[in-house]
Amino acid sequence: MSKGRAEAAAGAAGILLRYLQEQNRPYSAQDVFGNLQREHGLGKAVVVKTLEQLAQQGKIKEKMYGKQKIYFADQDQFDMVSDADLQGLDAKIVALTAKVQSLQQNCRYMEAELKELSSALTTPEMQKEIQELKKECAGYRERLKNIKADTNHVTPKEKEQVYRERQKYCKEWRKRKRMATELSDAILEGYPKSKKQFFEEVGIETDEDCNVTLPDP
């Protein structure tokens, strides 16, 4: 065997021996090949031959399981574990399992919250909606003012139409104001400054800033 091939064989032996000792569980040659091929690029023939050599050298154990050979680390190299140690490990497993379940639940909650926030309006979109709503409201206030000042009497049908539109847009105003408030509150949860500073920095004007009051339903 050439020097290069000998070094490659020694490297493969070290990888397989270390893997079996770290995992400390039985594997077939196919299992070992499948688990290590991507990371180390070992061919199947190399894995099979190296495992057989390690078993012949007494560095690992080999057993027949049906028609298949199973390889595992020599258990004599590991310290004996007492019942108390096993009970301690079981307790750790239970505690870690509970911790994992708690973290998974928190992750699901945070993913749901992130999904909800992602579907909400962005700050620029919210600002645009607010400005458009203000323009619409201003236009309808002016229209209502002109109607009230008009000396000509409006028909009951026209009056009903005006009030229906007023209710429609007040409802939309109330809805969008609530959406804007919820979104700004969500942003402020992680914002290091005050609500007032946030509004000033992004240029948000509230109804109160504009001396505007949402009409009663």
Side-chain angles (χ1 to χ4, degrees), residues 1-126 179 182-193 202:
M1 181 182 296
S2 67
K3 181 178 179 182
R5 296 179 64 181
E7 290 177 350
I15 292 171
L16 298 183
L17 181 60
R18 183 169 59 253
Y19 178 74
L20 291 177
Q21 289 175 343
E22 289 175 350
Q23 300 300 316
N24 194 23
R25 54 166 292 182
Y27 287 106
S28 66
Q30 179 63 38
D31 292 334
V32 175
F33 166 70
N35 294 341
L36 298 180
Q37 191 273 336
R38 178 177 295 182
E39 181 178 356
H40 297 285
L42 299 177
K44 185 174 180 180
V46 173
V47 171
V48 172
K49 183 177 181 180
T50 304
L51 288 172
E52 290 177 348
Q53 291 176 345
L54 289 172
Q56 292 172 2
Q57 296 168 1
K59 295 181 179 180
I60 62 174
K61 296 295 183 181
E62 174 189 274
K63 282 191 177 182
M64 292 297 299
Y65 187 76
K67 296 182 180 181
Q68 192 176 41
K69 290 182 179 180
I70 299 297
Y71 299 93
F72 52 93
D74 185 358
Q75 299 302 299
D76 292 339
Q77 65 182 305
F78 299 113
D79 296 332
M80 293 295 293
V81 181
S82 65
D83 290 341
D85 291 335
L86 290 175
Q87 291 176 357
L89 290 173
D90 288 339
K92 288 182 179 179
I93 290 172
V94 170
L96 289 173
T97 300
K99 185 176 182 180
V100 168
Q101 292 175 344
S102 176
L103 290 173
Q104 288 174 336
Q105 184 176 358
N106 289 338
C107 285
R108 286 192 293 268
Y109 172 77
M110 294 177 70
E111 286 172 355
E113 187 176 10
L114 177 60
K115 184 178 180 181
E116 182 178 352
L117 290 174
S118 298
S119 63
L121 292 174
T122 64
T123 299
E125 289 172 341
M126 180 178 65
M179 291 172 60
E182 291 175 351
L183 180 58
S184 62
D185 288 345
I187 295 172
L188 286 168
E189 287 181 0
Y191 191 73
K193 300 180 183 179
V202 300

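Both backbone and side-chain heavy atoms feed into the values below; hydrogens, waters and symmetry mates do not.
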Please report the shortest heavy-atom distance between [X] and [Y], naming the atom on each side.
X      : Y      : result
Ala55  : Tyr71  : CB-CE2, 4.2 Å
Ala73  : Leu20  : CB-O, 3.7 Å
Leu183 : Met126 : CD2-SD, 4.0 Å
Ala12  : Val46  : CB-CG1, 3.9 Å
Gly58  : Asp74  : O-OD2, 4.3 Å
Thr50  : Ala13  : CG2-CA, 3.4 Å

Tabulate below the donor-acceptor pairs under 3.5 Å that side-chain atoms of residues 94-113 make, not counting sequence neighbours, or state none.
| unit_1 | atom_1 | unit_2 | atom_2 | d |
| --- | --- | --- | --- | --- |
| Thr97 | OG1 | Ile93 | O | 2.7 |
| Asn106 | ND2 | Ser102 | O | 3.4 |

**Request:** Just jot down the side-chain contact (heavy atoms from CB on, under 4.5 Å) partners of Gln30, sequence neighbours excluded, or say none.
**Result:** Ser28, Phe33, Lys44
**Prompt:** With Arg25, which residues qualify under side-chain contact (heavy atoms from CB on, under 4.5 Å), at least two apart?
**Reply:**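 Applying side-chain contact (heavy atoms from CB on, under 4.5 Å) to Arg25 gives Gln23, Tyr27.
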From [X] atom [atom1] to [Y] atom [atom2], the distance as rounded to the nearest 0.5 Å:
X     : Y     : atom1 : atom2 : value
Asn35 : Tyr19 : CG    : OH    : 3.5 Å
Leu17 : Gln57 : CG    : CD    : 9.5 Å
Ile15 : His40 : CD1   : NE2   : 5.0 Å
Glu52 : Glu62 : CD    : CD    : 6.5 Å

Side-chain heavy atoms of [X] within contact of [Y], under 4.5 Å:
X     : Y     : answer
Leu42 : Leu16 : yes
Gln21 : Ile60 : no
Met64 : Lys69 : yes

**Item:** Whether over 12 other heavy atoms sit under 6.0 Å from Gln37 CD
**Value:**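 Atom CD in Gln37 is packed in, count exceeds 12.
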